[in-house]
Student: 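Would you mind keeping the following structure in view while I ask a few things?
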Amino acid sequence: MDQQQQAHVLLFPFPALGHIKPLLSLAELLCHAGLHVTFLNTDHNHRCLTHLQRLSTHFSTLRFESIPDGLPIDHPRNVQLIGDLMFSVKSVTKPKFRDLLADLSTKSERPVTCVIADGIMSFAIDIAKELGIQAMTFWAFSPCCLWSFLCLPELIEEGQLPVRGEADDMDRMVKGVSGMESLLRRQDLPNICRRQLDDPIFQFYVEEIKAITQTSVLILNSFDHLEALTLSYITPFFSRIYTIGPLTALLTSRITHDVLQSLSSFNNLWEADRSCMTWLDSQPLRSVVYVSFGSTGIMTRGQLFEFWHGLVNSGMPFLWVVRRDGIGHIAGVEGEHAIPEELHEGTKERGFLVDWAPQEEVLAHQAVGGFLTHSGWNSTLEGIVAGVPMLCWPTIADQQINSRWVSEVWRIGLDMKDTCDRSTIEMMIRAMMKERREEIIMSMDRIAKLAYDSANQGGSSYHNLDKLIKDIIKKI
Ligand code: UDP
């Protein structure tokens with residue numbers, strides 16, 4: 001058996017869809033290169049995402065395993081209760097992971113030779129090292145978020161945290177994050193900075209960040225030309241960094257279109273409603289606003305109505321992902337919460353609503369001209385790959401800082417930040433689709449080309465993936 005065939009990588013994402021998605025792409029890329037991969041989910045996600053296992057029919061060296069997340073079966077595992085998941089994984093999943101990894105390393109005929117674990121699950125890295133297995137951290141958020149997290153000790157020491165949330169406080173510039181002094185306002189800091197310093201979730205991140213700087217090897221879903229300055233600040237904290245993004249673009253460059261097409265139905269996290277593709281076919285070129293707030297985002301009914309009015313009043317056709325678990329019941333409510341007639345009419349005329357869309361295909365469709373997004377890191381990269389201008393409404397995690405980068409660093413979109421009223425939404429949709437379109441498209445075309453070049457032969461991410469694979473094999 002050659003070294004390539006001996007290499008067995010275990011990938012372990014944090015159990016949220018936005019973390020699973022990029023690691024799944026990496027799993028496919030590693031299998032495509034001939035490596036064996038075990039993809040480890042929690043039992044809950046393993047049950048919900050059974051279709052993913054069909055990926056093994058194409059990638060014969062890919063297999064799936066699962067361990068408990070420690071939460072009761074009926075726990076909602078939603079974003080409001082994300083702390084439950086974080087702490088449960090850290091306490092309950094950790095010993096289960098140790099047992100599984102020990103088994104896979106000793107009893108299995110092909111022992112695990114490398115663990116790649118999510119950046120907020122440092123216990124997995126520690127355990128791999130204890131067992132003498134090569135370990136690497138995969139950071140699923142943006143690099144600019146990571147840099148602001150690495151500066152948390154300075155931000156705390158300078159008394160800049162927590163961000164209090166009053167209007168004058170939110171607009172103040174942040175001191176203590178090198179390279180971001182004239183850019184970062186307090187409202188742009190990742191959302192955990194709005195928590196009290198002794199808040200368990202804030203403390204969770206402080207500890208995880210401290211831990212990942214000790215793991216020393218880091219994998220980022222980004223590309224060198226997108227974040228050269230940020231990367232220059234992050235680099236000294238790690239012995240090696242592999243920037244291998246956008247992973248979705250690497251998949252396209254390495255795996256043939258026909259194969260990807262045949263995998264598309266089970267390569268998505270949930271089953272997508274493809275009827276929207278037929279609807280898109282009937283829409284004029286670059287006219288449609290695609291609206292999606294990711295896999296976990298939750299909005300109040302009031303916010304939903306503000307978006308709905310804004311979209312209808314903008315006069316643009318729109319395709320909107322309204323997840324049933326994210327917003328509650330959209331139809332059938334009477335009284336003051338009933339849906340106003342003008343929204344029904346406007347949606348019938350120009351709108352299309354789905355539970356879950358094939359997002360990457362939607363963004364690549366020629367009818368799509370703008371992306372109203374929550375600025376999750378996967379969505380941001382997918383918007384870049386497709387070259388679609390973005391209007392950002394961030395809510396949690398790294399979204400606040402990503403949206404700032406989209407609007408002020410890369411200039412590929414506009415940032416609504418904490419505003420959510422119908423007239424602002426309408427005005428900003430028009431700005432993205434019409435008044436400011438030309439300037440945004442100019443920057444977007446440039447950045448999209450950089451993304452394409454990075455992921456294709458001769459590009460930095462293409463090269464870094466080869467290097468990552470070589471380094472994984474070399475350590476056997
Ligand atoms: N997504 C999708 N269909 C949808 C909405 C989202 O396939 O209708 C995918 C999207 O392509 C992205 C992921 O879900 O890859 C969401 O990840 P992101 O990091 O943007 O946000 P999160 O869900 O983690 O908040």
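Counting convention: from 1, in listed order, for ligands and their atoms alike. All residue numbers refer to positions in the sequence shown, counting from 1.
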Student: Below 6.0 angstrom between ring centroids: does that apply to Phe14 and His19?
Tutor: yes
Student: Any salt bridge linking Asp69 with Arg77? Criterion: basic side-chain nitrogen under 4.0 Å from a carboxylate oxygen.
Tutor: yes
Student: Is Arg254 close enough and on-axis enough to Tyr462, meaning under 6.0 Å and within 45°, for cation-pi?
Tutor: yes
Student: Check each protein residue for a heavy atom under 4.0 Å from ligand 1 and list those that pass, ordered by chain and number.
Tutor: Gly18, Lys21, Asn268, Tyr290, Ser292, Gly294, Ser295, Thr296, Val321, Trp356, Ala357, Gln359, His374, Gly376, Trp377, Asn378, Ser379, Glu382, Gln399
Student: Looking at the rings of Tyr205 and Phe149, which for Trp means the six-membered one, are their centres under 6.0 Å apart?
Tutor: yes
Student: Measure up the Phe305 and His309 rings against each other and bin them: parallel (under 30°), tilted (30 to 60°), perpendicular (over 60°).
Tutor: tilted
Student: Say whether Gln283 and Ser287, considering side chains only, have a donor N or O and an acceptor N or O under 3.5 Å apart.
Tutor: no
